[in-house]
Amino acid sequence: MSGFDDVEANDDLAIIGHRLLAWYERHRRDLPWRHDQNPYAIWVAEIMLQQTRVETVIAYYQRFLQRFPTLEALAKAPLDDVLKAWEGLGYYARARNLHRAARWVVQEMNGRLPARSEDLSRLPGVGQYTASAIASIAFGQDAVALDGNLRRVLCRLFGIDDDPGRTNTQRRLTELAEAMLPSGQAGDFNQALMDLGAMICTPTTPQCLLCPLLGSCRSQQEGIQNELPIRATRGHRPHRDVTAGVIWDDNDHVLITRRPLDGLLGGLWEFPGGKRRPGEALPACLHREISEELAIQIQVGELLVTIEHVFTHFFMTLYAFDCRWLSGSPKCLGCLDLQWVTLDELDAYAFGVADQKIISFLRSDSPSHI
DNA sequence: AACGCGTGGTG
DNA sequence: TCACCAAGCGT
C-alpha cells in the first residue's frame with residue numbers, strides 16, 4: 001500500500017477535476033464519435049475501442065455507421081454482414097455480441113438503449129467500463145469509466161503502486177475519480193482523462209512538463225512516474241504449426257468453411273485445415289484434418305505460402321497448400337457451414353488476417369490451377 | 001482470479 | 001520467435 005491516503009481533502013480533488021476539464025476544452029481530440037450524442041453511435045465506438053487503438057478504429061467506425069446507420073439497421077442485418085464489416089478488427093466476439101444486443105434492444109426495449117450504467121451492463125459485450133462510458137457520454141450520467149488510460153493516469157497522479165488489475169485497486173481508483181468528478185460532466189471528465197492518458201500521460205515517457213495536473217501529481221513529485229503503474233509480465237506464448245488447404249474442384253471453385261461461433265475467430269470463414277500434431281508431417285496433417293472435418297479425399301500439392309501470425313496467446317505458422325478435390329461430398333463435421341466459391345466471390349466472406357494473406361497470395365501469384 | 005480472445009503500431 | 005501495448009469482456 002502506498003500513495004494517496006486522505007491527506008488531501010475532497011475539495012482539492014474537485015479542483016483537479018476542474019483543471020482537467022479546462023485543459024480538455026482546449027486540447028480535446030477531434031474524433032468522429034465525438035461529433036454527436038447518438039447513443040447507438042457512442043455504443044458502436046465504445047465496443048470497437050475495447051483493446052483497440054483509436055487510429056485503427058476510426059475507419060472501421062465510419063464504414064460501420066455508413067453500413068448500419070441505426071440500431072434497427074444493425075438488428076435487421078445478418079450476422080455475416082456484421083462480421084464482414086468487422087473483418088480485420090479482431091476480437092470478433094465483440095461483433096457477435098453487439099449484433100445480439102442490438103436485436104435484444106429492438107425486441108425488448110423498443111429500440112431504446114437504457115440510460116443507466118447498471119442496465120447497460122446487462123447487454124452482451126458491455127462490461128462495467130463500457131456501461132459507464134455510454135451512460136456518461138451519451139446520457140450524462142455521473143459514472144466513472146475506468147479504462148486502461150484512467151488506471152495509468154490515476155495510479156501516477158496518486159502514486160499508487162498496487163496492481164491496477166486487482167479488483168480492490170480498481171475500486172480505490174474509481175473512488176478517487178469520483179471525488180474528482182465535476183457533477184453532471186462525467187462524459188467530458190472521462191474523455192479528458194483518456195485524452196490526457198493518450199497524449200500526455202502516455203505509457204512510456206510521459207510528457208509531464210505539458211501536464212495540466214503537474215503540480216498535483218504524486219508520482220511526478222517522487223520521480224517515479226515511469227515506474228507506474230506496475231504491470232504483470234506476459235507469460236510464455238506457445239507456437240503452433242497449422243495447415244490450410246486451398247482445395248480446388250474441376251470448375252475453379254475453392255472450398256471454404258465457417259468456424260464455430262464460439263472460440264478463436266468464431267463465425268469467420270477460413271481455408272480448412274488444422275493444427276499439426278507432434279511428429280506429424282504437414283501434408284499428413286492436412287489429409288487428416290480434411291478427412292476429419294469434411295469427410296472428403298484430396299490430393300495435397302505444393303506449398304503455396306507460409307504465413308507467420310501472432311495472436312494474443314500463441315504464435316502460429318500457417319502453411320497453405322495447393323490441393324485438389326478427389327472424391328466425396330463435403331460434410332460440415334467440424335464447421336458451421338461450407339461453400340465452393342470462385343476467387344472473386346471470396347470478397348463476400350469475412351476471413352481472419354492470416355487467411356486474408358492466403359487470398360492475397362492466390363490473387364497476386366497466378367494460381368497454379370490455371 | 002486467471003485465462004482466452006486479434007491485430008497492428010512502436011521503441 | 002522482440003516485448004509490450006491499445007477506450008475490456010466473458011467464463
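The chains referred to below are lettered A, B, ... by the order of the sequence lines, with proteins before strands, and numbering in each begins at 1.
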Which of B:dC5, B:dA1, B:dT7 is nearest the side chain of A:Tyr91? It is B:dC5
Whole-Å distance, A:Gln356 CD to B:dT7 P, equals 8 Å
note: A:Asp163, atom CG; B:dA2, atom P; distance rounded to Å ~ 9 Å
Please work out if A:Trp86 contacts a base, only the sugar-phosphate, or nothing of the nucleic acid, heavy-atom cut-off 4.0 Å. nothing
- Query: Under 6.0 Å between the ring centres of A:Tyr61 and A:Trp33?
  - Reply: yes
Winner on side-chain proximity to A:Asn97, out of B:dA1, C:dG10, B:dG6, is C:dG10
- Please report the C-alpha distance between A:Met199 and A:Leu210 in whole Å, then the side-chain angles of each, then the deciding distance to 0.1 Å, and finally whether the side-chain contact (heavy atoms from CB on, under 4.5 Å) criterion is met. CA-CA 10 Å; A:Met199 298 189 287; A:Leu210 300 178; over 6 Å; no
Discussion item. If the cut-off is 4.0 Å, is A:His313 near the phosphate of B:dG4, judged by side-chain N/O to OP1 or OP2?
Written reply: no
Regarding the side chain of A:Arg231, the nearest nucleotide among B:dG8, B:dG6, C:dC5 is C:dC5
(message) Taking the P atom in each of B:dG8 and C:dC9, what is the distance between them to the nearest angstrom?
(response) 22 Å
note: A:Met316, atom CE; B:dT7, atom P; distance rounded to Å ~ 8 Å
message = Base, sugar-phosphate or nothing for A:Ile137? Non-hydrogen atoms, less than 4.0 Å.
response = nothing
Base, sugar-phosphate, or nothing for A:Gly352, non-hydrogen atoms under 4.0 angstrom? sugar-phosphate
**Prompt:** A:Phe351 and A:Phe271: aromatic ring centres closer than 6.0 Å?
**Reply:** yes
Comparing A:Leu49 with A:Thr233, nearest DNA chain C nucleotide closer to 5' gives the residue A:Thr233
Which of B:dG6, C:dC5, C:dA7 is nearest the side chain of A:Leu265? It is B:dG6
Worksheet item: Given C:dT1, is OP1 or OP2 found less than 4.0 Å from the side-chain N or O atoms of A:Arg237?
Response: no
### Query
Below 4.0 angstrom from OP1 or OP2 of B:dG6, is there any side-chain N or O of A:Thr52?
no
Separation of C:dC9 atom C1' from A:Glu46 atom CD, nearest Å, is 14 Å
From the candidates B:dC5, B:dG8, C:dA7, the one with an atom nearest any side-chain atom of A:Arg53 is B:dG8
Checklist entry - Would you say A:His309 reaches B:dT7's phosphate, i.e. side-chain N/O to OP1/OP2 under 4.0 Å? => result yes
Atom CE of A:Met194 and atom C1' of C:dG8 are separated, to the nearest Å, by 12 Å
Legend entry - Short side-chain donor-acceptor distance under 3.5 Å, A:Trp269 and A:Asp337: no
The nucleotide from C:dA7, B:dT7, C:dT1 with an atom nearest the side chain of A:Phe315 is C:dT1
With rounding to whole Å, what would you report as the distance between C:dA3 and C:dA7 at their C1' atoms? 22 Å
To the nearest angstrom, the CD-C1' distance between A:Gln51 and B:dC3 comes to 13 Å
Practice problem: Assign A:Thr312 to base, sugar-phosphate, or nothing according to its heavy-atom contacts below 4.0 angstrom with the strands shown. | Solution: base
On the side chain of A:Arg29, is there an atom forming a donor-acceptor pair with the base of C:dA7 - under 3.5 Å, no angle test?
yes
- Query: What does A:Gln191 touch in the nucleic acid at a heavy-atom separation under 4.0 angstrom: a base, only the sugar-phosphate, or nothing?
  - Reply: nothing
Margin query: Counting the atoms with a prime plus P, OP1 and OP2 as sugar-phosphate, which does A:Val57 contact under 4.0 Å by heavy atoms, base, sugar-phosphate, or nothing?
Written below: nothing
Of all heavy-atom pairs linking A:Leu150 and A:Val144, the shortest is CD2-CG1, 4.1 Å
Counting any heavy atom closer than 4.0 Å, what does A:Gly266 reach on the DNA or RNA strands: base, sugar-phosphate only, or nothing? nothing
Assert: residue with more 5' nearest nucleotide on DNA chain B, out of A:Gly90 and A:Asn168, is A:Asn168
- Query: Is any side-chain nitrogen or oxygen of A:Gln50 closer than 4.0 Å to OP1 or OP2 of C:dG8?
  - Reply: no
A:Ile47 CD1 to C:dC9 C1', in whole Å, measures 9 Å
Comparing nearest nucleotides in DNA chain B, the 5'-proximal residue of the pair A:Leu268, A:Arg166 is A:Arg166
* With a 4.0 Å cut-off on heavy atoms, is A:Thr205 in touch with a base, just the backbone sugar-phosphate, or nothing at all? -> nothing
Is it the case that the side chains of A:Gln191 and A:Arg34 hold a donor-acceptor pair, with the cut-off being a distance below 3.5 Å and no angle test?
yes
| task | Remember a base hit wins even if backbone is also touched, and classify A:Arg122 as base, sugar-phosphate or nothing at under 4.0 Å, heavy atoms. | result | nothing
Phosphate-side-chain proximity, A:Thr130 and C:dC9, N/O vs OP1/OP2 below 4.0 Å: yes
Check: Less than 6.0 Å separating the ring centroids of A:Phe68 and A:Phe64?
Finding: yes
Are A:Trp86 and A:Tyr60 side-chain neighbours, meaning at least one heavy-atom pair lies under 4.5 Å?
no
Describe the nucleic acid contact of A:Leu89 in one word from base, sugar-phosphate, nothing, applying a heavy-atom distance below 4.0 Å.
-> base
A:Leu264 CG to C:dT11 C1', in whole Å, measures 16 Å
